[in-house]
Amino acid sequence: MLCIGIETSCDETGLALVRDGRLVHAVMSSQADIHALFGGVVPEIASREHYRLIGPLYDLLLREAGVGPTELDAVAVARGPGLLGSLLVGMAFAKGLALGFDIPLVGVNHLHAHLLAAGLERELVFPALGLLVSGGHTHIYRIESPVSFRLLGRTLDDAAGEAYDKVAKMLRLPYPGGRILDQQGRRGIADPRLFPRPYTDNDNLDFSFSGLKTAVQTHLSRHPELVPSPDDAQAVAGGHDAPEGLRNMCASFNEAVAETLCIKLGRALDGDDGVGVRALIVAGGVAANSYVRDHTARLAVSRGLELIVPSPPLCTDNGSMIAYAGGLLRQGGLSHSLDLEAVPRGRAIPDDYRQGPAGCS
Ligand code: KG4
Ligand code: ZN
């Protein structure tokens with residue numbers, strides 16, 4: 001079964017072809033440079049860019065893959081959560097393909113797709129505990145199978161990636177700044193007492209990263225010399241070493257985020273929801289973070305779990321994960337009708353699949 005996947009939930013336009021669980025080809029265009037000028041994603045610009053790019057990217061995908069449009073067996077599209085205007089561009093395009101080529105349409109939960117993405121690279125193991133850490137979300141799930149997710153914990157305010165991006169902004173670093181803070185932190189030494197492990201002094205699985213952001217802000221107001229000049233910030237963004245004090249602060253911040261995530265994951269594994277769990281799946285843009293990867297790897301080893309993390313290019317938004325997740329849903333006979341709705345961030349994604357015969361059409 002050949003499934004095309006379409007991802008337009010934020011600022012990446014990604015399209016990909018997956019055949020029977022294997023990636024055939026993927027194309028993608030990131031708008032990060034445009035939004036960097038504004039210090040964050042501007043929704044109106046994002047949807048216009050998706051609209052401008054999606055047609056040419058579709059042509060490019062099929063041409064480079066040597067696939068004709070009539071060979072498509074299903075079309076999968078990220079239906080949310082995301083920016084509504086951006087989602088609608090991908091959804092309208094996907095519905096056009098479904099209608100035009102008379103193939104099933106599958107609306108994919110973008111967050112579930114992130115957590116399944118590693119299945120393109122290795123076998124997934126269930127039940128699994130899933131940590132989704134991205135620019136918009138910090139969610140813990142118990143995952144029973146590729147089509148059965150139960151949300152156990154979520155962020156009450158800033159997502160982990162958002163905390164990275166906001167701290168990067170305080171340091172005059174370009175958006176999205178997570179990767180730069182990671183890189184600089186690796187070259188520094190963490191002080192474990194500098195920043196709190198926020199919202200861990202409780203017995204739940206939710207997160208709150210706004211306190212950590214405020215702690216960094218307070219630290220910077222006491223040490224304004226840590227904030228680089230615009231020229232120095234540009235050099236740091238380009239990969240040059242930041243001064244030692246800033247590198248150490250980055251290391252401390254990375255440690256605080258990674259440890260906080262692992263405290264909650266450990267708690268989930270200790271509770272009823274951890275019973276029988278065989279694997280820890282970590283996904284989303286922040287799963288590319290080296291501290292998060294190291295800390296979760298250590299947690300997995302200590303609990304005898306398999307750690308499943310997609311390779312860094314599959315961690316950020318992409319069409320491959322949508323095509324892959326859509327293919328799995330299709331294999332289970334699931335699809336949607338043409339009245340499929342986009343779901344903006346903050347609203348739960350309904351379980352509104354149509355059940356039909358498994359496989360094509
Ligand atoms: O999953 P993603 O591509 O988009 C969303 O759906 O949000 O995640 C983007 C987020 C951004 O906040 C970015 O700063 C963060 O992932 N990110 C990182 C790293 N690479 C990307 N954060 C920390 N360390 C990294 N290496
Ligand atoms: Zn994402």
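The figures that follow rest on heavy atoms only: side chains count, while hydrogens, waters and symmetry mates do not. Numbering of ligands and ligand atoms starts at 1, following listing order.
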Per-atom filter on ligand 1: closer than 4.0 angstrom to a heavy atom of T316 are 3 (O)
Note, L15 side chain near M28 side chain (heavy atom, < 4.5 Å): no
Check the surroundings of atom CD in E144: do more than 12 heavy atoms from other residues, nucleotides or ligands lie under 6.0 Å from it? yes
Please walk me through it: do E49 and R52 pass salt bridge (Lys or Arg N to Asp or Glu O under 4.0 Å)? CA-CA 5 Å; E49 281 297 294; R52 190 173 70 77; 2.8 Å; yes
Is there a heavy atom of A288 sitting under 4.0 angstrom from any atom of ligand 1? yes
Which of the atoms in ligand 1, numbered in the order shown and given with their element, are less than 4.0 Å from a heavy-atom of P176? 13 (C), 14 (O)
Short list, please: which atoms of ligand 1 are under 4.0 Å from a heavy atom of G161? 12 (O)
Could you list the atoms of ligand 1 found under 4.0 angstrom from a heavy atom of G136? 7 (O)
Any heavy atom of H137 under 4.0 Å from ligand 1? The part involved is neither
Measure the shortest side-chain to side-chain distance between L105 and S335 over non-hydrogen atoms and say whether it is less than 4.5 angstrom. no
Numbering the atoms of ligand 1 from 1, which are under 4.0 Å from a heavy atom of D317? 1 (O), 2 (P), 3 (O), 4 (O), 5 (C), 6 (O)
When you check the space around the Zn ion (ligand 2), which protein N, O or S atoms turn up under 2.8 Å? H110 NE2, H114 NE2, D317 OD1
Quick look: N289 vs ligand 1, heavy-atom contacts under 4.0 Å, and the answer is both
Quickly, which of N202, T200, D203, D273 forms a side-chain hydrogen bond (donor to acceptor under 3.5 Å, both in side chains) with R267? Name it, please. N202
Taking atom 15 (C) of ligand 1 as the reference point, the nearest protein heavy atom with its distance: V286 CG2, 4.0 Å
In terms of residue, atom name and distance, what is the protein heavy atom nearest to atom 21 (C) of ligand 1? G285 O, 3.4 Å
Regarding N254 and N289, do their side chains bring together a donor and an acceptor under 3.5 Å, going by distance alone? yes
F253 ring center near Y164 ring center (under 6.0 Å): yes
Can you tell me which portion of H110 lies within the under-4.0 Å heavy-atom range of ligand 1? Options are side chain, backbone, both, or neither. side chain
For ligand 1, which atoms sit closer than 4.0 Å to a heavy atom of G178? 14 (O), 18 (C), 19 (C), 22 (N), 23 (C), 24 (N), 25 (C)
I'd like to know if H114 contacts ligand 1, where contact means a heavy-atom distance under 4.0 Å to any ligand atom. yes
Looking at ligand 1, does any of its N/O atoms fall within less than 3.5 Å of an N/O of S290? no
Non-neighbouring partners of R298 that pass salt bridge (Lys or Arg N to Asp or Glu O under 4.0 Å), sequence neighbours left out: none
Protein heavy atom at shortest distance from atom 26 (N) of ligand 1: D182 OD2, 3.0 Å
Answer with yes or no whether the side chains of S337 and D339 bring together a donor and an acceptor at under 3.5 Å. yes
For atom 7 (O) of ligand 1, the protein heavy atom that lies nearest, with its residue and separation: G135 N, 2.7 Å
Considering only residues two or more places apart or on different chains, which pairs with a residue in residues 67-125 satisfy ring-ring contact (aromatic ring centres under 6.0 Å, His included)? Y58-F93, H110-H114, H112-Y141, H112-F149
In terms of atom number and element, which parts of ligand 1 are under 4.0 angstrom from non-hydrogen atoms of D165? 11 (C), 12 (O), 13 (C), 14 (O)
How far does CG of L314 sit from CD of E121, to the nearest 0.5 angstrom? 4.5 Å
Mind checking whether F207 and F209 have parallel, tilted or perpendicular rings, split at 30° and 60°? parallel
For S290, run the side-chain hydrogen bond (donor to acceptor under 3.5 Å, both in side chains) check against Q183, R179, R186 and tell me which one passes. R186
Under the side-chain contact (heavy atoms from CB on, under 4.5 Å) test, which residues partner S302, sequence neighbours left out? L299
